[in-house]
Protein chains: 2
Amino acid sequence: MPSQDIFKALSDPTRRRILKLLQDGSKPAGTLAEAFDMTKGSLSHHFNVLKAADLVRSERRGQQILYSLNTSVFAEVAALMFDLFKVDKKKGRKA
Amino acid sequence: MPSQDIFKALSDPTRRRILKLLQDGSKPAGTLAEAFDMTKGSLSHHFNVLKAADLVRSERRGQQILYSLNTSVFAEVAALMFDLFKVDKKKGRKA
DNA sequence: TTGATATTTTGACATACTTCAAAATAAAGT
DNA sequence: ACTTTATTTTGAAGTATGTCAAAATATCAA
């Protein structure tokens with residue numbers, strides 16, 4: 001999974017809010033949608049982006065679809081951020 | 001500084017590469033531009049976005065402009081990421 | 001199989017983003 | 001003052017993204 005997908009997924013405030021809503025447990029699409037002033041179609045698009053980045057998982061439970069955080073990818077996200085913000089790679093020491 | 005600016009700034013691969021190039025010290029705009037197959041005008045736009053997110057600082061040194069990582073904002077970025085990915089907020093425990 | 005509920009997919013539209021080429025600004029040297 | 005070098009800003013073009021309304025899919029219950 002390209003890291004670009006992860007950064008892109010995190011760049012939208014609606015998607016970050018979805019992630020936060022999932023922090024205290026998985027929720028069906030409709031329940032998540034209630035928290036937003038937006039059509040369910042639009043929300044479904046955001047779910048797709050989050051799934052493409054492997055940040056969430058989905059599972060059908062009867063008529064509804066349960067979304068949950070994919071916690072196993074968080075270590076990778078942490079590594080990406082760490083790599084981006086660590087300093088002093090002991091090279092030429094320009095400035 | 002709105003966190004949206006930070007996430008947006010990080011969502012572009014060119015900008016992330018600029019940050020990585022600055023990890024071993026500050027560099028003038030022209031030196032950074034050499035690393036990319038892109039006009040200097042385009043690069044300058046990316047510098048602006050990174051500056052708006054307070055991720056880099058710039059300082060004029062004669063004819064050139066030195067860019068450097070703003071390391072003091074990294075703690076904030078780390079906090080943003082931590083907040084986004086921490087789980088188990090001991091609420092209803094839905095799933 | 002018909003109907004109701006839950007969700008996704010499609011097609012269209014508007015806004016935002018990335019890029020370029022060219023013009024503008026700034027400092028330094030002649 | 002002019003020229004050169006370094007960089008930014010502007011204006012325009014193409015592409016990507018977020019959104020909606022409407023159509024499509026899937027499950028469940030009569």
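Here the structure is a predicted model, which is why all the values come from computation and not from measurement. Chain letters run A, B, ... following the sequence lines, proteins first, then strands; residues in each count from 1.
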- Is there a side-chain polar atom (N or O) of Arg60(B) under 4.0 Å from OP1 or OP2 of dT7(D)? no
- Query: Can you tell which of dT19(C), dT8(C), dT19(D) lies closest to the side chain of Thr14(A)?
  - Reply: dT19(D)
- Could I get the full list of ring-ring contact (aromatic ring centres under 6.0 Å, His included) partners for Tyr67(A), not counting sequence neighbours? Phe47(A)
- Query: Atom CG of Leu50(A) and atom C1' of dG18(D): how far apart are they, to the nearest Å?
  - Reply: 14 Å
- Would you say His45(B) reaches dC20(C)'s phosphate, i.e. side-chain N/O to OP1/OP2 under 4.0 Å? no
- Query: Ion pair present between Arg57(B) and Glu59(B), side-chain N to carboxylate O less than 4.0 angstrom?
  - Reply: no
- Quick one: does Arg60(B)'s side chain have a donor or acceptor within less than 3.5 Å of a partner on Gly62(B)'s backbone? yes
- Between Arg61(A) and Lys8(A), just flag the one whose closest nucleotide in DNA chain D comes earlier from the 5' side. Lys8(A)
- Any side-chain N or O of Asn48(A) less than 4.0 Å from the OP1 or OP2 oxygen of dT9(C)? yes
- Does a side-chain N or O from Tyr67(A) land closer than 4.0 Å to OP1 or OP2 of dT8(C), or not? yes
- Task: Please state how far atom CD in Gln4(A) lies from atom P in dT18(C), giving the value in whole angstrom units.
- Result: 10 Å
- Task: Go through dT8(D), dA4(C), dT19(D) for me and flag the one nearest to the Ser44(B) side chain.
- Result: dT8(D)
- Query: For dT19(D), does either OP1 or OP2 sit under 4.0 Å from a side-chain N or O belonging to His46(A)?
  - Reply: yes
- Would you confirm whether Lys27(B), through its side chain, and Ser68(B), through its main-chain N or O, come within 3.5 Å as a donor-acceptor pair? no
- Message: Has Gln4(B) got a side-chain atom pairing as donor or acceptor with Asp12(A)'s backbone, closer than 3.5 angstrom?
- Response: no
- Indicate, with a heavy-atom threshold strictly under 4.0 Å, whether Gly41(B) touches base, sugar-phosphate, or nothing. base
- Let me know the distance between NZ of Lys40(A) and C1' of dT19(D), rounded to the nearest Å. 17 Å
- Note on the structure: Between CG of Asp5(A) and C1' of dT17(D) the distance, given in whole Å, is 14 Å
- Of all the choices, dT7(D), dT18(C), dT9(D), which nucleotide is nearest to the side chain of Pro28(B) once you look at every atom? dT7(D)
- Choosing from dT8(D), dA28(C), dT27(D), which nucleotide comes nearest the side chain of Ala29(B)? dT8(D)
- Query: So which nucleotide from dT7(D), dT7(C), dT18(C) ends up closest to the side chain of Ile65(A)?
  - Reply: dT7(C)
- To the nearest angstrom, the CZ-C1' distance between Phe36(B) and dT7(D) comes to 16 Å
- Task: Confirm from the modelled atom types if Gln64(B) and dT7(D) form a donor-acceptor pair under 3.5 Å, side chain to base only.
- Result: no
- Task: Round to a whole Å and report the spacing from CG of Asp12(A) to P of dC17(C).
- Result: 11 Å
- Item | Closest listed nucleotide, where the reference is the side chain of Thr39(B) and the choices are dA21(C), dC20(D), dT7(D) | dA21(C)
- Query: Counting side-chain heavy atoms from C-beta on, which of dC28(D), dT7(D), dA28(C) comes nearest to Gln63(A)?
  - Reply: dC28(D)
- Flag, side chain of Gln64(B) to backbone of Ala29(B), donor-acceptor distance under 3.5 Å: no
- Item | Asp37(B) CG to dA21(C) P, straight-line distance once rounded to whole Å | 11 Å
- Mind calculating the distance between CD1 (Ile18(A)) and P (dG18(D)) to the nearest angstrom? 11 Å
